[in-house]
Protein chains: 2
Amino acid sequence: MGTDTLQSRIGVAIRARREAMGISQEDFADHIEMHRAYYGTIERGRRNLTLVTLEKIAVGLGIPPSRLLKEAGS
Amino acid sequence: MGTDTLQSRIGVAIRARREAMGISQEDFADHIEMHRAYYGTIERGRRNLTLVTLEKIAVGLGIPPSRLLKEAGS
DNA sequence: GTGTGACTAAGAGTCCGTT
DNA sequence: AAACGGACTCTTAGTCACA
């Protein structure tokens, strides 16, 4: 499927981490100072993230960016 | 200059890997089908890479993207 | 609380030539 | 072989109203 891209797998990994934290997209987006609509598109795998954005999310999740990639299978 | 950013550390990591392969920027850029001038700016830490570009380079280096981030200290 | 389309600004990415 | 600059195109970052 066209959904088996790195960006979509990262979106899944990010969502799993956020849900494990037990907070909403809106609250998490607020926490990392990112717009909730934009953050939503990332979880849905619609965004080809830049390093800066990837790091911002990883910091919010409390893990290194490399770990996020690893959990996304890359 | 604030060179201690993720993108600059990744540039250093990429350069180290490429030089370990014993090939030039130009040859490596050709190999991964990327323009030599643009690739050069990446090694110099001037670019905030996207996931697609990061993966392209990692594949060319024969390692997973997560490993590249790890070698960049993130 | 989350998803979507439409939108703008900034920067990613390409290509040229020159140093 | 590598760095730099300009000029260009296309996409990401970021926001909004509405579903």
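Letters A, B, ... mirror the listed sequences (proteins, then strands); counts begin at 1.
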In sequence, state the C-alpha distance, the side-chain angles, and the governing distance for R44(A) and T41(A), and then conclude on side chain to side chain contact (heavy atoms under 4.5 Å, CB included). CA-CA 5 Å; R44(A) 271 169 268 139; T41(A) 63; 3.9 Å; yes

To the nearest Å, how far apart are R15(B) CZ and dA1(D) P? 15 Å

In whole Å, what is the span from the CD1 atom of I32(A) to the P atom of dA13(D)? 12 Å

Residues Q7(A) and R46(A): closest non-hydrogen pair is NE2-C, 3.4 Å

The side chain to side chain donor-acceptor pair (under 3.5 Å) partners of T50(A) (sequence neighbours excluded) come to T53(A), N48(B)

Nucleic acid footprint by protein, nucleotides 13-19 of chain C - heavy-atom cut-off 4.0 Å, B for base, S for sugar-phosphate alone: BBBBB--

Under a 3.5 Å distance rule, please check whether R9(A) uses its side chain to pair with a backbone N or O of A72(A) as donor and acceptor. yes

Under 3.5 Å, which donor-acceptor pairs do the side chains of residues 58-70 of chain A form with other protein atoms, sequence neighbours left out?
residue: S66(A); atom: OG; partner: S74(B); partner atom: O; Å: 3.3
residue: R67(A); atom: NE; partner: E71(A); partner atom: OE2; Å: 3.0
residue: R67(A); atom: NH2; partner: E71(A); partner atom: OE2; Å: 3.4

Name the atoms and distances for all side-chain donor-acceptor pairs under 3.5 Å in residues 31-40 of chain B, with sequence neighbours left out.
residue: H35(B); atom: ND1; partner: A37(B); partner atom: N; Å: 3.1
residue: Y39(B); atom: OH; partner: E43(B); partner atom: OE2; Å: 2.6

Would you jot down, in residue-number order, the residues of residues 16-28 of chain A having a non-hydrogen atom under 4.0 Å from DNA chain C? R18(A), S24(A), Q25(A), E26(A)

Give, for atom CD of Q25(A) and atom CD1 of I14(A), the distance between the pair rounded to the nearest 0.5 Å. 11.0 Å

CZ (R15(A)) and CZ (R18(A)) are apart, to the nearest 0.5 Å, by 6.0 Å

Check the hydrophobic clustering (I, L, V, M, F, W, Y; side-chain heavy atoms under 4.5 Å; chains of links allowed) and say if I23(A) and I42(A) are grouped together. yes

Same cluster (ILVMFWY, side-chain, under 4.5 Å), V52(A) and F28(A): no

With nearest nucleotide decided by heavy atoms, which residue, Q7(A) or R46(B), maps closer to the 5′ end of DNA chain D? R46(B)

Taking the axis from the first five pairs and the axis from the last five, what angle separates them in the helix from dT2(C)-dA19(D) to dT19(C)-dA2(D), rounded to 10 degrees? 40°

